[in-house]
Amino acid sequence: MFLAGGYHENWWKGVNAGQSIVPCLSRSREVPNGTRKHTIISSNIADAVSLFWLCKRMGSVTEGKLRFCIDRGGTFTDVYAEIPGQRDGQVLKLLSVDPLNYDDAPVEGIRRILEEFTGEKFPRNSKIPTEKIEWIRMGTTVATNALLERKGERIALCVTQGFRDLLQIGNQARPTIFDLTVSKPSNLYEQVVEVEERVQLVQDEEQEEKHAASSSLVRGISGELVRIVKSLNEEALKPVLINLLDKGISCLAVVLMHSYTYPQHEIQVQKLAFGLGFRHVSISSALSPMVRAVPRGLTASVDAYLTPVIKEYLSGFISKFDEGIGKLNVLFMQSDGGLAPESTFSGHKAILSGPAGGVVGYSQTLFGLETNKPLIGFDMGGTSTDVSRYAGSYEQVLETQIAGAIIQAPQLDINTVAAGGGSKLKFQFGTFQVGPESVGAHPGPLCYRKGGELAITDANLILGYVIPDYFPSIFGPNEDQPLDVKSTRGQFEKLARQINTHRRNQDPSSKDMTVEEIALGFVDVANETMCRPIRQLTEMKGHETKNHSLACFGGAGPQHACAIARSLGMKEVLIHKFCGILSAYGMGLANVVEEAQEPYSAVYGAESIIEVSQREAVLLKQVKQNLQNQGFKEENISTEIYLNLRYEGTDTAIMVKRQVADDGKLYDYAAEFVRLFQQEYGFKLQNRNIVICDVRVRGIGVTNILRPRAIQTAPGSPIVEGYYKVYFGNGWQETPLYKLEKLGYGHMMSGPAIIMNGNSTVIVEPNCRAIITKYGNIKIEIDSPLTSVKISDKVADVVQLSIFNHRFMGIAEQMGRTLQRTSISTNIKERLDFSCALFDPSGGLVANAPHVPVHLGAMSSTVRWQLNYWSDNLNEGDVLVTNHPSAGGSHLPDITVITPVFFNGKLVFFVANRGHHAEIGGTTPGSMPPFSKSILEEGAAIKAFKLVEKGVFQEEGIIKLLQFPSSDGRGNKIPGTRRIQDNLSDLRAQVAANQRGISLVQELIEQYGLETVQAYMNYVQMNAEAAVREMLKSVSQRISSKSNELVTIEEEDYMDDGSIIHLKLSIDSNKGEAVFNFAGTSAEVYGNWNAPEAVTAAAVIYCLRCLVNVDIPLNQGCLAPVKILIPEGSFLSPSDNAAVVGGNVLTSQRITDVIFTAFQACACSQGCMNNFTFGDDTFGYYETIGGGSGAGPTWDGTSGVQCHMTNTRMTDPEIFEQRYPVILHRFGLRENSGGDGFHKGGDGLLREIEFRRPVIVSILSDRRVHAPKGLKGGKDGARGANYLIKKDKRKIYLGGKNTVKVLPGEILQILTPGGGGWGSL
C-alpha cells in the first residue's frame, strides 16, 4: 500500500546521525533496475506521522509562506520548517553530500518540503520560487570542513619585512609536549611576501615630538602616537603581487605591524591588489582591530583561505532560487550566535556556525522556561562532544584555536573534546582507553558491518542502550541487514579474554568480568572523559559545576546524560524535544547581529571616558545604520556597548558590558571591571591603573521568529510500547520503552526507562525520574548516592583504575587552571611557566598535569624534603613555600608552594605547584644572572617557611625573605626582589590553586570514601610502573636481537665549557627495569649550569613518558622500575651553595638529548632554552626562545619551536614593542640551520632586538660551541650565536653567557641552534 504523496507503508528507513541510526519517513520510487529507491523526508517519528496526516488532510497549501531553519553539518543536513496552518514544525534530515541524487542538501530539503506542501513539482534542474518562502536561516560547516581538510582557497601572506615566518612560529609552543615528532598543522598560505614598510609606537611622546619630523608622526586610531619609519613601497610590491597572479594565487591575507592602530599601509596593499586583479584580500586591521600581530594575522589568513569558499557556496545556493538574493530573505549563523546577511558572512566568522545554533537553541528554549539554573550545553556527536555554558547571556571569547588556526573574533565559548559515539575502545597497560581516536563515519563502529573497530556505540548496543528494533536493516553489502550484534559480542568476548587474562596475572583469585561489565566499564570511562572538560569550563570561571543543569542534545548524548550528570553532582537533566536537530531549530531563535570595534589605548579616567563616549556614538550610529539597511526598524534594534579593560602591567583583559541602573544612571566601567575581575580571579589589584584596550558596540536586530509552544496536559498514564532488557550497574533489568510523541505534559516515568525521541534514545537510569514538561521537553531528576567501589588487596578494578586516572589528573589540571586564572605575572598567566601536582602522604607523586616538562616528577623530592623537615609540625591550614635546590628545588625563580591535605584530622595527601617568578632578586634584573658562581648571587633562597600558618598568610615574613636575601659570603649585599607585589600576588594565586586541589580531593573522598581513594592512589602508581616496564622491554628488544639479557648502552655529550654528561644505560629486558648511571659526569662547575638531582629525575621521567607514547598518568610509578645513579659532587649533584640558575634551563636539555640518543629515539634538538632577560630597577622581562627539534626515524624535525624540557609561549611582537623599550627588527626562522639527513632537523630562530633606552641585558644559553648531534648518519644542527651590534655597526660576539649594559640604538641578535638530522642521504 502507498500513502498520500507516494509514501510507501514500509517507512522504516534510517540515517546515521552521530553514530545512531534514526527512523524516518521516506518516499519510495522505482529506479531503472526495477528496485525501489527510498528518499529520506523526516527523521522524527512524531513529525513524520503528523506530516503524513497533514498531507492527507490538507492536500496542498496555497496560502501563507514557509520558514526554514537549516543546519548543514559535515555528514547530515537538518531542516526544521514551519508550515502555514500547522501547529508543529516539520523535520527533515538529508545526507549533506549525495551527488547521485542532488547537488546541494539545503536546496534539496527546501525543494522537497515545498513540493509536499504546495502539491506542485519543482524539478531539480529548475529554480525554486521565492514567493513561497518567507525566510531561510542557515548554519553551515562548509568553512569548518575546508579548514579541517585544508581545502580552502590558494592564498599568499603579506607581512612586514623581517617577519616572514611570524605565523609559522606563532607562540612557539608545541601542541603536545610528549610528541617527539612535534606535529603542527600546516600553514594556510602558499607563499609569503615581505612588504617594505614599518611603523613604530612612540613611547616618550614629548621627546619624540621635539626631535622627529612632524610629517613622520601620526596619531593612531587607538590614540597611540605612531612614527612612520618607512612608508609602503608600492613600486617594490607591485611586481611581486603580479608574480603571484601569474602563479594562480588571487587571494591575499595582509598583516602589518601595528596595523590595529595604523591601518593605512594595509589599506594601501588591499587597494593595490584589487587594482591588479586579486579576487579577495583580507586585511587584519579590518577583521580584528586589536593589538597582537600573531592572532590578528592568523585570523586574516583564515578569512582569506575560507571566505572565497564560503562566497562560492553561498552564490551557488542563492542561484537556485528564481529571484536570487533580491527577494530571498536568507541569513546565516555566525560563530558569535548572531545571524548575518550573505554580504557580511565571512570565513573567520563561520567556523562555529553549526555549534552556535545548538547553543542558541538550548539557551532560548530551556533557560527561564524549564529551569532557572545556569545550563551546561552537552552536544555529543559521533566523533566529538561540544560543551558550552549559558546563565542568562551568551558567554563569548575573543580568541580561540580551531584546527591549529588562532581566530581573533567574537565567538561563543564552545569547548570540544575528542570523545563521541565513534571513539575507539582499547585495553592497554591494564586500563580501559576510550579515544581520542575515532572510527569515523566510515567504516564506523563494528556493528555497522563495514569492518570497523569497537567503539562506544558498540558498547551501548551490548548494554541495550541502543534498541535494535528501532534501527533499520540498512547494513551489509546490500544495505539490507540489521546491526551486527553477533560480531559485536564476539569482539567483546575476545577483548574479555585479554582483560581477564591480565586480571588473573595480577590476582589468580579474581573473578572474570562479563562482556556486559566490560562494555559498561568503557561507557563509564567515556563519561569521565567527557566530564573533565565540563569541570574545566565551569571551574575556570569560578562556578560550581554541581549548581548547573545539563542541557543535553546531539545524536548520542541522551544515552549518557544521567551518568554524566550524576558524576558531576548535578541534580537535573533537560533534553529538548528537538534534541536531534537543535542546531537547526536554534537558527530560528537567533537575532541578527552587527558588530563594530576599534582599539583605544588610554588609562581609564575622566578624560578618557569622554573620548570613549564619542567613539561609542560613532560606532552606535554605524551598527544601527547597517541594521536599518537590512529592514529593521528603530524599535526592533537594541545595542550593547563594551569596553575591553585590563590592569596596567597585565595581559588579562575583560570585555565589560555597560550596565544601566534602574534610575537610568550608568555604572562606572572601572567598578564593574573590578567586580568581574575579582569574581573570575578571586582578588583585585590595589593602586594599579586600569587601561582601556578597545571600544566595542554590538547591534542586535530582534527577530522574534520562533517561540516555544506549550503542549496539552497528559490525559492518563504514559503508554508503554514494550519492555527491553537494559544492563545497568546491578545487572540486566526489564525496562519499559515510551515514545515521546505519545507523552503529554505532566507524564512521569521512574527509572529505569527508555524514551524514544524520534532520532534519539533517552536512557533514564535507576534512581532517576523523567517528567514531560509544559513545552514537551524531557526533564530528568537525578539521585546521586555515594559511589561504592569494591577494593581488592591485590588488584585494582580495571574500570575504576581508568576513572581514577582521569580524576587524579583532573585535580592537577584544575589546580593549574586556578593558578593561571588567579595569577598576575605574565610568566604564569600568559607564558604558562608552572606545574601542579598531587602527592600521597609520603610525598610520592600521584598525578602531575603536563604543564612544563622540567617540573615533571621534580616536586616529589621537594615534598619529601619538607615532610622530613617539618615532621609532626604540620597542621591543617599550613602552607609551605620553598625554592632552594638542596630542598628538592630546581632553580630559585621556580617557587614551590605545598599544602598538606587533612581528612578528619589525618594527613591523607599533599597538593603542590611550582611557578616561575620573573623576579626573585639577585645580581641582575630577571634573576637569571649568566655569571653567577654561587646560589647566593641568584636571589632569595628559601629552604623552608610556612607561607600560611594555621590559616594566616605570613606576609611580613615572606616579604623579609624575598626583599632581604643573605649576602654572597664575601660581604657583598645581594639585591632582593624588584617586584615584591607581583611576587605576593602570584604566591597568593599558588595558595589558591592548592586550595582548589584540596577541595577536589575532599570531594573525591566524600564521593568514594577515603579507603577507596587512597587504594587507587597506590593503584595508579602501580599502573604507571607496569606501563614503563613494558616500554623498557620493548625498547631493549628493538636495540638488541637477543632476548632475556642485560642491554647496555653508553652515551655522552658536552656542555659548552667542555663539561661531560656521561650516561651508562642498562636495561633488563626480562624484568623491564633500567639503570641510568651518570658516573663519569664532570665535577661541579664554577658556573651556574650545575643541575640539582631533581632536574635529572625530571629529564628521565619526561623521556620515559615520550617513549611510552601512551596517555599514562605521570606519577611516581614511572620511576619505580628505574634507578638513577648520580655521582655526588658532579654538576648533576652539586653542593648546597653551587650556582644552579642555568641547570634548570640548559643542563636539563642536554640530559634529555643524551637519554634520547642512548635510546636511539631521535637526533638532538636545539639543546638549550636560550634564556633572554633585560630590565632596570623599574621593570624586568624574561623569555625563552625556541629552536629546531631533532629529526627521527620517520619524521623531519620541526622549525622554530620550544623543545623537550620547556614549552613556554613567546610574547607577541606588538605587545613586546608596546610594553617594553624595544624595537623588534627581525623574528623568523634561521634557514638551513637544521642538520641535513634523510630526515632533516628543524631550523632554529633568528631574533633581532633594538633597545630604546639603557638597560641591563643578560643572555644565558648553550650549544654555542658543541652542535646538536645528528643520528644514524644525519648531520649536526647549526650551533647558536649571540651578537651585540653597536650603533657604529660593529658586531660583537657575546658567547653563550653574558651580561651587558646596552645603550639606545644598540641591537641584540640571537641565533638559536637547529636540530640534528636523522639518517644519511
Side-chain angles (χ1 to χ4, degrees), residues 10-26 40-52 76 78 88 90-93 380 421 447 457 460-461 463-474 482-483 485 552-563 573-582 585 711 714 717-728 733-745 747-766 768-773 775-780:
N10 178 19
W11 52 279
W12 288 100
K13 299 295 169 187
V15 293
N16 176 345
Q19 305 301 340
S20 60
I21 302 296
V22 296
C24 57
L25 187 61
S26 68
I40 298 162
I41 295 298
S42 175
S43 62
N44 183 301
I45 302 173
D47 294 330
V49 173
S50 60
L51 184 147
F52 160 63
F76 291 97
D78 297 330
D88 295 323
Q90 299 305 321
V91 176
L92 183 149
K93 188 179 284 283
M380 183 179 176
C447 60
T457 297
N460 284 333
L461 176 64
L463 298 171
Y465 296 175
V466 172
I467 313 298
D469 289 354
Y470 286 81
F471 269 70
S473 297
I474 60 168
L483 287 170
V485 179
C552 187
F553 56 107
Q559 297 167 21
H560 298 254
C562 289
V573 171
L574 294 167
I575 301 173
H576 196 278
K577 62 182 177 182
F578 291 138
C579 67
I581 57 126
L582 196 58
Y585 187 71
I711 64 171
S717 300
I719 299 171
V720 177
E721 302 291 330
Y723 287 87
Y724 292 85
K725 284 189 175 182
V726 181
Y727 189 90
F728 296 101
Q733 295 193 39
E734 286 287 335
T735 305
L737 182 145
Y738 307 88
K739 290 183 180 179
L740 181 62
E741 68 265 22
K742 294 185 179 180
L743 299 176
Y745 173 34
H747 269 145
M748 187 182 305
M749 292 135 287
S750 295
I754 304 165
I755 303 174
M756 294 305 302
N757 179 14
N759 56 0
S760 295
T761 304
V762 180
I763 298 295
V764 184
E765 293 191 350
C768 298
R769 185 174 66 164
I771 303 166
I772 306 304
T773 71
Y775 296 100
N777 303 314
I778 303 170
K779 176 185 286 189
I780 304 177

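The residues of the chain are indexed from 1 along the displayed sequence. The model shown is predicted, which means the values in this text are computed figures rather than measured ones.
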>> Can you confirm whether Pro558 sits close enough to Cys579 that some side-chain heavy atom of one is under 4.5 Å from a side-chain heavy atom of the other?
In response: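 A side-chain contact under 4.5 Å exists here.
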
Work out which heavy atom in [X] is nearest to a heavy atom in [Y]; give both atom names and the distance.
X	Y	result
Phe728	Pro752	CE1-CB, 3.4 Å
Cys447	Leu461	CB-CD2, 3.6 Å
Lys93	Gly580	NZ-O, 4.0 Å
Tyr738	Ile719	CD2-O, 3.2 Å

Could you tell me the separation between the [atom1] atom of [X] and the [atom2] atom of [Y], rounded to the nearest 0.5 Å?
X	Y	atom1	atom2	result
Cys552	Ile780	SG	CD1	8.0 Å
Thr735	Ile763	OG1	CD1	7.5 Å
Ile771	Leu743	CD1	CG	12.5 Å
Leu740	Ile755	CG	CD1	7.0 Å
Asn757	Glu741	CG	CD	8.5 Å
Leu463	Gln559	CG	CD	10.0 Å

> Just wondering, more than 12 heavy atoms not from Tyr724 lying within 6.0 Å of its OH?
Replying inline: yes

>> Under 6.0 Å between ring centres: does that hold for Tyr585 and His576?
In response: yes

>> As a test of understanding, state which of Ile754, Ile772, Val764 forms a side chain to side chain contact (heavy atoms under 4.5 Å, CB included) with Met749.
In response: Ile772

>> When you measure from the side chain of Asn777 to the backbone of Lys577, do you find a donor-acceptor pair of N or O atoms at a distance under 3.5 Å?
In response: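 Yes, because the side chain of Asn777 sits within donor-acceptor range (under 3.5 Å) of the backbone of Lys577.
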
>> Closer than 3.5 angstrom, by distance alone: can the side chain of His747 be matched with the main-chain N or O of Gly744 as a donor-acceptor pair?
In response: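 Here the side-chain-to-backbone pair exists.
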
>> Show, in sequence, the C-alpha distance, side-chain angles and deciding distance for Glu721 and Lys742, and conclude whether the salt bridge (Lys or Arg N to Asp or Glu O under 4.0 Å) test is met.
In response: CA-CA 10 Å; Glu721 302 291 330; Lys742 294 185 179 180; 3.2 Å; yes

> What do the steps show when you test Ile467 against Leu737 for side-chain contact (heavy atoms from CB on, under 4.5 Å), and what is the final call?
Replying inline: CA-CA 10 Å; Ile467 313 298; Leu737 182 145; 4.2 Å; yes

> Hey, mind stepping through Val726 and Gln733 against side-chain contact (heavy atoms from CB on, under 4.5 Å) and telling me if it holds?
Replying inline: CA-CA 5 Å; Val726 181; Gln733 295 193 39; 5.8 Å; no

> Can you list the steps and then say if Val91 with Asp78 is a side-chain contact (heavy atoms from CB on, under 4.5 Å)?
Replying inline: CA-CA 7 Å; Val91 176; Asp78 297 330; over 6 Å; no

> Please walk me through it: do Val466 and Thr761 pass side-chain contact (heavy atoms from CB on, under 4.5 Å)?
Replying inline: CA-CA 7 Å; Val466 172; Thr761 304; 6.0 Å; no

